[in-house]
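One structure is given below, encoded as structure tokens.
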Protein chains: 2
Amino acid sequence: MPPRTHLPVNTESVDDYLKAILELSGPPGERATSNALAGHLGVRAASVTGMLQKLAAQKPSYVKYEKHHGVRLTPAGKMRALEVLRHHRLLERFLHDCLGYSWDEVHDDAERLEHFISERLEDRIAAKLGDPQTDPHGHPIPERNGALPARPEVLLSKWACGVKAVISSVSDRDPSALREMERLGLKPGVAITVEAGTRNATLLVRIGERTEPLRLSQRLAAGISVIAANRRSRQHRKIDY
Amino acid sequence: MPPRTHLPVNTESVDDYLKAILELSGPPGERATSNALAGHLGVRAASVTGMLQKLAAQKPSYVKYEKHHGVRLTPAGKMRALEVLRHHRLLERFLHDCLGYSWDEVHDDAERLEHFISERLEDRIAAKLGDPQTDPHGHPIPERNGALPARPEVLLSKWACGVKAVISSVSDRDPSALREMERLGLKPGVAITVEAGTRNATLLVRIGERTEPLRLSQRLAAGISVIAANRRSRQHRKIDY
DNA sequence: CGACAAATTTAGCCATGCCTAAAAGTATAT
DNA sequence: ATATACTTTTAGGCATGGCTAAATTTGTCG
């Protein structure tokens, strides 16, 4: 039986759904659940179901949807999601580098504008920036063809004690956390070593060349991803996401 | 009796209506008619009526609407319309100056983005450009407080023969006309004199320092506004629009 | 004035995308 | 195997902003 209403056109909402599905289904292409999507998008699960039905009914379709078993992106859907992600991260880099935004200011404006970036604007921004590899938080920018460098990132809170690491990216969702990280010198490329594990939900870490270690709240640590220090040079290898 | 549906929120559509009303009601604050708005916005007159009723029912309201007698902007509406216009023209200047757009390319992207420019982005763009006075087509950019320089512009086709004039602005709606003007050196600031009036819907004009006059099609001439050559220096006087 | 043409408004409908409440399916633990 | 908890879908509704067709108003010309 067809969905109650007719097919949706390609709208901002659709972009948001695709981006959320990309983020919630792991790299291999697992399914994303309605509930997870609802939480991520700030809408009710029932609304998600409705939208997924409509998206799946499109032809060509962006998603493969199986009732009660979640949703996956089709190649076309993955491509579109990566395009929107590229817009977002290019915009963040652009606002930061060309318009003097601090790294805690870029997310909201990029989120709003990402849906309205023409191919032309995308190309001009990328050219102006010299085809940047990452956004200001260290996240890789998908290429125009959809290639996205895969990095063996691990959350700082899961990193082994005593092993040298380098910050590869930080979460861009919490501006106040970003300001705090900025103050502490916690940014992509900086060396970091965990001195002691969780104690009262904090981590004892040594940052860069500093001698005295620092206590990091779980809130901050949860927003930091690292890679092994010696693999830093490999972070530009590209694979299909 | 209240309108059939409830009040509209502040949406892109509303911005488009306000901008259209601003453009269609002359500087003194004349009323704009439903038909003219419909034509300008590319929707049916009935849709315009519906939206005007909803806009007028808002409090505080952006418009003053009298059934069968058109609509006017309230001060708040004028302010909002000028803000959107400022976004549009700043964006055009920005795309042109910072991202290498040609002047026939800027309009469409600016039109799409103008609704999503935060105060922060507006300010950063203006600062980056050094608070520009005009967009690439010569149209004045409203200031943040809503001030807009008034210029005694006249359409080239209405300008008296033999009187020296300076191009003050050109219409940005027709990309192919803009490319043609570019080729002919017809841009803001260039001196122009009408040698002979309409003949087969063309104008004979002398451009800049060139010796041989040129035949301009009515289509091009209709997109060119001029001011008296000696008033050129006064074009930055500000008044409340 | 009266009639016609043009402009405008009303009435009723459609599509999108969200919502709540209730029904149905899935998964887990005894 | 079945009861229960949780997830997901269905059903029905609301708001926005379009549309067409039909009514109504305005304005102009004899």
**Report entry** Under 3.5 Å donor-acceptor, Arg112(B) side chain and Phe116(A) backbone
**Finding:** yes
Report task. Scan Thr49(A) against the nucleic acid and name what it touches under 4.0 Å (heavy atoms): base, sugar-phosphate only, or nothing. Result -> base
Query raised in the report: With a 4.0 Å cut-off on heavy atoms, is Ser47(A) in touch with a base, just the backbone sugar-phosphate, or nothing at all?
Result: base
Can you give each donor-acceptor pair under 3.5 Å made by side-chain atoms of residues 33-52 of chain B, sequence neighbours left out, with the distance rounded to 0.1 Å?
residue	atom	partner	partner atom	Å
Thr33(B)	OG1	Ala36(B)	N	3.2
His40(B)	NE2	Glu23(B)	OE1	3.3
Thr49(B)	OG1	Ala45(B)	O	3.3

Separation of [X] atom [atom1] from [N] atom [atom2], in whole Å?
X        : N       : atom1 : atom2 : answer
Met51(B) : dT9(C)  : CE    : P     : 14 Å
Lys54(B) : dT9(C)  : NZ    : C1'   : 14 Å
Leu52(A) : dG17(C) : CG    : C1'   : 13 Å

Determine: side-chain N/O of [X] to OP1/OP2 of [N], distance under 4.0 Å, yes or no.
X        : N       : result
Arg44(B) : dG18(D) : no
Ser34(B) : dT9(C)  : yes
Ser13(A) : dC18(C) : yes
Lys67(B) : dT10(C) : yes
Tyr65(B) : dT9(C)  : yes
Asn35(A) : dC6(D)  : no

**Report entry** Contacts of Tyr101(B) that satisfy side-chain hydrogen bond (donor to acceptor under 3.5 Å, both in side chains) - sequence neighbours left out
**Finding:** Asp109(B)
Report summary line: From the list Arg89(B), His107(B), His139(B), side chain to side chain donor-acceptor pair (under 3.5 Å) partner of Asp172(B) resolves to His107(B)
Query raised in the report: Picking from dT9(C), dG17(D), dT10(D), which would you name as closest to the side chain of Gln53(A)?
Result: dT10(D)
